[in-house]
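Bear in mind the structure is a predicted one, so any value in this text is a computation, not a measurement. Values reported hereafter were calculated over all heavy atoms of this structure, with side chains retained and with hydrogens, waters and symmetry mates removed. Proteins come first, then strands; the chains are lettered A, B, ... in the order of their sequence lines, and each starts at number 1.
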There are 2 protein chains.
Amino acid sequence: MPHLLLKDLPRYECLLEAAREFPDLDPSAAAAFLHLLHTSDEAFAISDRSLAAHNISHGRFGVLMLLWQGVQPRAAKLMGAGECVPGPRTPAALADAANVTRATMTGLIDTLERDGYVKREPDPVDRRQMSVRLTPSGMKFMEAFLPGHFRSIAGIMGTLTEAERKTLVRLLVKVQQQTAALRGRPQGAPAPAAG
Amino acid sequence: MPHLLLKDLPRYECLLEAAREFPDLDPSAAAAFLHLLHTSDEAFAISDRSLAAHNISHGRFGVLMLLWQGVQPRAAKLMGAGECVPGPRTPAALADAANVTRATMTGLIDTLERDGYVKREPDPVDRRQMSVRLTPSGMKFMEAFLPGHFRSIAGIMGTLTEAERKTLVRLLVKVQQQTAALRGRPQGAPAPAAG
DNA sequence: GGCTGACAATTAGCCTCCTAACTGTTTTGG
DNA sequence: CCAAAACAGTTAGGAGGCTAATTGTCAGCC
């Protein structure tokens, strides 16, 4: 389920040592990078376990969240749709929101439909489009699953104080902005005054 | 290549709002969790792109690193083996170090061998075991690839000051410890005095 | 009205991961 | 000494990603 990542991260002294051989290796950058991926992987694995216990994958869960947002007004808030805006319904809109290809979304909807959580319905106006809807069974699943999922997340982050969470998010957002700036740019090229 | 993750994270006010409906939802915890996974995913994608440009996957790269560590003394430091300890050689040891199943390692070695980067050799003592070795071609690849890879990582983390990197790592380690404590424990159960 | 291009969804085929079952080898123990 | 357990590696089959190609539908333009 998670990325392949070495089980044990290199110790910092080792990175310092290695940096003498590799001038391009920035020890503190590498340490931060490895810890970021490793921690995320661990957190992901925990949350994935609670999903797997309910026979659902992360990808499918994302689709259910997006669909649920359209049914439950309160859910809309959670997903960022300001004021009860109906969520995505078509495979294309779902794929866009979930950041996967349409082909992948077809596959996800296939299995969700097979398991009875969602239902495809043809669009009466545009016959190219389908409309995907959560079934009562799918609704029931979400309502049964979410509280535990939220507790799981709270448990993972419970080790950080409010101030630490704030700091963590601030630093992560900085990195996100950097990756966004780097995207589509060659690896070694200078960033456009991103700081 | 990365996890499926919603393209846009929910705004913080939305989480606050949603927490009124879901008492189990801890807004700051959820925000930190989502940002962690999202940022890691972005960073992963950047590094994965430089790998993909050389026709290598993350999983295969990990195997090459582990094998390289056994050949290059300086590499050993990088990987955390204190003093030129020979790295893992058998598929089982590689699988253990890379945190994947043996079956997966078989597949990774298959493709690496097909591409000429590694070579399987039967163990003369224990005929159950194989010994996997980096070929000269594999060595050459690593030496050509690593500097750019290191620059790529340095670029991603370049947006953070040294102090910020230190803070980020400290917070991530705290979360890692929490996930380690949570592993094997039910989701809602109390942690053993973890903080 | 009827091409032509754009678009929605799917299909086909590949990759990497997984689990479970299998093959062959070594170790153990009556 | 040989059957059974343990172990290394592989194979088989599934899931979820991807890209590229296909099919069906709509929209624009002559």
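Within 4.0 Å of B:Val125, counting heavy atoms only, lie sugar-phosphate atoms of the nucleic acid but no base atom. Residue A:Arg127 is classed as a sugar-phosphate contact, given heavy-atom separations below 4.0 Å to backbone atoms only. If you check every strand for non-hydrogen atoms under 4.0 Å, A:Ser57 touches sugar and phosphate atoms only.
The aromatic rings of B:Phe22 and A:Phe150 sit perpendicular, their planes meeting at an angle over 60°, well past the 30° parallel limit.
Closest to the A:Thr101 side chain, of the nucleotides D:dA15, D:dG17, D:dT19, is D:dT19. Each of C:dT16, D:dA8, C:dC17 was ranked by its minimum atom distance to the side chain of B:Ala92; first place goes to D:dA8. The side chain of B:Arg120 approaches D:dT10 more closely than any other nucleotide in the set C:dC18, D:dT10, C:dA9. Comparing D:dG16, C:dT11, D:dT10 by their nearest atom to the side chain of A:Thr111 picks out D:dG16. Closest contact between the side chain of A:Arg114 and the listed nucleotides C:dC18, D:dA15, D:dG17 involves D:dA15. Ranking D:dG9, D:dG16, C:dC18 by closeness to the B:Met130 side chain, first place goes to D:dG9.
Between A:Arg165 and A:Glu162 there is a salt bridge, since a side-chain N of the basic residue sits under 4.0 Å from a carboxylate O of the acidic one. The existence of a salt bridge linking A:Asp110 and A:Arg120 is confirmed by a sub-4.0 Å separation between a basic side-chain nitrogen and an acidic carboxylate oxygen.
Toward the 5′ end of DNA chain C lies the nearest nucleotide of A:Asp126, the other residue of the pair A:Gly107 and A:Asp126 mapping further downstream. When the nearest nucleotides of DNA chain C are assigned to A:Gln129 and A:Ala103 by heavy-atom distance, the more 5′-ward of the two goes with A:Gln129.
One atom, CG of A:Leu108, and another, P of C:dT10, lie 12 Å apart when rounded to the nearest Å. Rounding to whole angstrom units, CG of residue A:Asp48 and P of C:dC18 are separated by 12 Å. At whole-Å resolution of the value, CD1 in A:Ile109 and P in D:dA15 are 17 Å apart. Between the C1' atom of D:dA8 and the CG atom of B:Asp123 lies a distance of 11 Å, rounded to the nearest Å. Atom CG of A:Asp110 and atom P of C:dT11 are 7 Å apart (whole Å).
A donor and an acceptor atom never sit less than 3.5 Å apart when one is taken from the side chain of A:Arg128 and the other from the base of D:dC26.
Between A:Lys119 and the options A:Val132, A:Ile109, A:Leu134, A:Thr135, a side chain to side chain contact (heavy atoms under 4.5 Å, CB included) holds for only A:Thr135.
Taken to the nearest 0.5 Å, the CG atom of B:Asp123 stands 10.0 Å off from the CD atom of B:Glu121.
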